[in-house]
Number of protein chains: 2
Amino acid sequence: MTENKEMQSAISMQALRRLPQYYSYLKLLEAEGIETISAPAIAKRMNLNDVQVRKDLASVSLSGGKPKKGSNVHDLIRDISHFLGYDNVREAVLVGAGHLGSALLSYKGFEEYGMKVVAAFDNDPDCVGMKHFRDMIYPMQKLSNLCTRLNIRIGIITVPKHAAQEVCDALILGGVQAIWNFAPTHLLVPKGIHVQNENMAVSLAVLSQYLIDV
Amino acid sequence: MTENKEMQSAISMQALRRLPQYYSYLKLLEAEGIETISAPAIAKRMNLNDVQVRKDLASVSLSGGKPKKGSNVHDLIRDISHFLGYDNVREAVLVGAGHLGSALLSYKGFEEYGMKVVAAFDNDPDCVGMKHFRDMIYPMQKLSNLCTRLNIRIGIITVPKHAAQEVCDALILGGVQAIWNFAPTHLLVPKGIHVQNENMAVSLAVLSQYLIDV
DNA sequence: TAGATTGTTAATCGATTAACAATC
DNA sequence: TAGATTGTTAATCGATTAACAATC
């Protein structure tokens with residue numbers, strides 16, 4: 001998945017991937033009006049080890065817990081939000097307004113996670129997205145230029161695989177630094193650009209493994 | 001991501017996730033007419049260690065490579081395909097024919113990866129999928145029953161999060177054993193059922209980490 | 001108090017990488 | 001032959017888990 005390993009931070013990749021899941025569970029608790037939660041309780045619900053939970057939370061939270069009570073749910077939510085940049089919404093562009101692109105455009109949850117798609121690009125006037133998101137869809141030619149002008153750092157690629165590399169190049173030309181690639185292809189990028197592949201085949205491989213010999 | 005850790009197999013989860021990526025690169029080589037490839041060459045292209053590549057491939061391939069030449073591309077493709085079950089297409093159902101569901105329905109690549117979506121379910125006659133995939137969309141009431149009758153083992157959930165648990169229960173009632181969950185919520189399932197969460201927030205967290213302080 | 005929970009240090013586990021002899 | 005590559009064994013690295021004293 002991760003192409004580039006040069007990220008520096010106090011937290012491990014594994015822990016980073018668990019944080020959004022703690023966040024989601026904590027939001028659930030918050031909605032239920034629960035004010036404190038212990039590490040063992042979180043661990044049990046999420047099928048994790050309690051020491052791991054404590055370490056993960058300690059790495060992003062300043063407050064810490066109280067013996068016999070646990071940690072404050074609001075504080076944890078605030079600290080994870082902050083660490084993951086949820087309180088600092090970044091603008092992104094999306095290229096390819098077919099079914100998948102439209103699905104992402106209509107997903108309103110991104111903003112809660114610190115990302116907002118401000119423009120989409122597609123050349124096909126008949127593409128699915130054109131019907132639902134007409135006002136934010138621009139022709140592909142404007143891609144690089146608009147990215148530069150709006151100072152966009154995140155590009156989302158949802159075009160068919162044969163067009164992905166070209167789109168990727170245009171995004172980089174426009175100054176994009178992180179690419180979320182949904183096309184099932186390997187993109188070649190210069191050093192310093194992060195590509196994150198959302199690869200269905202990888203997920204499917206893991207899923208299928210559970211069914212072998214059943 | 002992975003809820004259930006009881007999978008038994010000779011291969012590690014990490015290696016399993018790399019296999020589809022080797023496969024994809026090998027298919028590219030095959031298309032270019034290249035007949036043999038060395039582990040160091042694969043490693044270089046995919047930013048991996050060459051020993052790791054050799055071990056990964058050895059764990060699924062019978063043939064092995066030849067000093068100074070490497071391995072046969074066709075043989076590797078065949079062995080990975082076989083290991084990942086690509087030559088043994090499994091039938092799946094999809095629930096929720098909105099944008100995301102339609103995107104998955106229109107993705108023809110799944111069959112190459114050993115999965116075929118044979119039916120989709122949605123109650124809304126105005127859903128996006130209804131326009132494009134009318135003939136394979138059934139009302140939700142038929143879900144459990146059809147799964148049982150067709151002996152379906154894989155269910156894909158692409159409904160909004162408030163409906164996900166209910167859909168999940170219906171799938172399990174119908175005998176589904178593996179669930180690919182695209183709804184941003186934690187599903188509660190009995191022991192023995194595998195849930196694989198495709199969580200955009202997790203991916204986004206990793207992606208954003210690369211942009212912090214930029 | 002007793003006992004649940006905390007945070008930390010040490011042990012374990014598993015995956016990656018280095019080293020090396022064998023092969024074509 | 002020389003050198004690239006193989007497969008395997010040993011060392012390293014990193015993450016998880018166990019053990020434990022401190023706290024409310």
Side-chain angles (χ1 to χ4, degrees), chain A residues 1-19 21-22 26 29 34-73 75-76 79 202 205-206 209, chain B residues 1-19 21-22 26 29 34-73 75-76 79 202 205-206 209:
Chain A
M1 313 287 90
T2 303
E3 306 283 288
N4 187 326
K5 291 182 182 169
E6 281 121 46
M7 186 178 65
Q8 300 241 55
S9 95
I11 200 164
S12 75
M13 181 60 64
Q14 319 284 342
L16 176 60
R17 298 176 66 88
R18 285 189 293 268
L19 287 176
Q21 315 196 52
Y22 294 127
L26 291 164
L29 294 175
I34 293 165
E35 306 218 331
T36 57
I37 183 79
S38 72
I42 296 175
K44 192 175 179 196
R45 168 63 181 252
M46 294 179 57
N47 295 318
L48 299 171
N49 178 283
D50 65 313
V51 181
Q52 187 171 59
V53 172
R54 243 175 272 126
K55 283 198 172 173
D56 287 349
L57 297 179
S59 68
V60 298
S61 180
L62 324 131
S63 30
K66 295 253 184 304
K68 203 153 181 188
K69 280 186 69 182
S71 304
N72 182 284
V73 172
D75 290 354
L76 287 177
D79 294 338
V202 170
V206 177
Q209 198 67 4
Chain B
M1 311 291 89
T2 303
E3 307 282 287
N4 186 327
K5 291 183 180 169
E6 281 122 47
M7 186 179 64
Q8 303 240 55
S9 94
I11 200 164
S12 76
M13 180 61 63
Q14 319 285 343
L16 177 59
R17 298 176 66 88
R18 285 189 292 267
L19 287 176
Q21 314 195 53
Y22 294 126
L26 290 164
L29 294 176
I34 293 165
E35 306 218 332
T36 57
I37 183 80
S38 73
I42 295 175
K44 191 174 180 197
R45 168 63 181 253
M46 294 177 60
N47 294 318
L48 299 171
N49 178 284
D50 64 314
V51 181
Q52 187 170 59
V53 173
R54 243 173 272 127
K55 284 198 172 173
D56 287 348
L57 296 179
S59 68
V60 298
S61 180
L62 324 130
S63 31
K66 296 250 186 305
K68 203 151 180 189
K69 278 186 72 182
S71 304
N72 182 284
V73 172
D75 290 354
L76 288 178
D79 294 338
V202 170
V206 176
Q209 198 67 4

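Within every chain, numbering begins at 1; the chains are lettered A, B, ... in the order of the sequence lines, protein sequences first and strands thereafter.
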Earlier contact from the 5' end, DNA chain D, for B:Lys55 and A:Asp56: B:Lys55

Integer-rounded Å distance: C:dA15 P and B:Gln14 CD: 7 Å

Can you tell me the distance, in whole Å, between the CZ atom of B:Arg54 and the P atom of D:dA4? 14 Å

In this structure, how many angstroms lie between the C1' atom of C:dT12 and the CG atom of A:Asn49, rounded? 12 Å

Determine which nucleotide pairs with C:dT12, using a 3.5 Å limit on both distances of a Watson-Crick or G-U wobble pair. D:dA15

Flag side-chain contact, heavy atom, 4.5 Å: B:Arg54 against B:Val51: yes

With respect to the phosphate group of C:dT16, does any side-chain polar atom (N or O) of B:Gln52 fall under 4.0 Å of OP1 or OP2? yes

Mind calculating the distance between CG (A:Asn72) and P (D:dC24) to the nearest angstrom? 17 Å

Let me spell it out: for each of A:Gly64 and A:Lys68, pick the nucleotide of DNA chain C with the closest heavy atom. Which residue's pick is nearer the 5' end? A:Lys68

Select base, sugar-phosphate, or nothing to describe what A:Ala58 touches, counting heavy atoms under 4.0 Å on all strands. nothing

When you measure from the side chain of B:Ser61 to the backbone of B:Ala58, do you find a donor-acceptor pair of N or O atoms at a distance under 3.5 Å? no

Relative to the 5' end of DNA chain D, which residue comes earlier, A:Lys66 or A:Arg18, by the nucleotide with the nearest heavy atom? A:Arg18

Taking CD1 from B:Ile11 and P from C:dA15, how many angstroms apart are they, rounded to a whole number? 10 Å

Between D:dT8, C:dT5, C:dT23, which nucleotide has the shortest distance from any of its atoms to the side chain of A:Pro40? C:dT5

Using the side-chain heavy atoms of B:Ser12, tell me which of these nucleotides is nearest: C:dA15, C:dT5, D:dA18. C:dA15

OG of A:Ser71 to CD1 of A:Ile37, rounded to nearest 0.5 Å, is 9.0 Å

Please report the distance, rounded to the nearest Å, between CG in B:Asp50 and P in C:dC20. 15 Å

Whole angstrom value for the distance that separates P of D:dT5 from CD1 of B:Ile37: 10 Å

Side-chain contact test, heavy atoms from C-beta onward, threshold under 4.5 Å: evaluate it for B:Ile42 versus B:Leu57 and give yes or no. yes

Counter-base of C:dT5, judged by Watson-Crick or G-U geometry with both distances under 3.5 Å: D:dA22

Contact class for B:Ala15 vs. all strands (heavy atom < 4.0 Å): base, sugar-phosphate, or nothing? nothing

Side chains of B:Glu35 and B:Val73: does their closest heavy-atom pair fall under 4.5 Å? no

Just how far, in rounded Å, is C1' of D:dA15 from CE of A:Met13? 14 Å

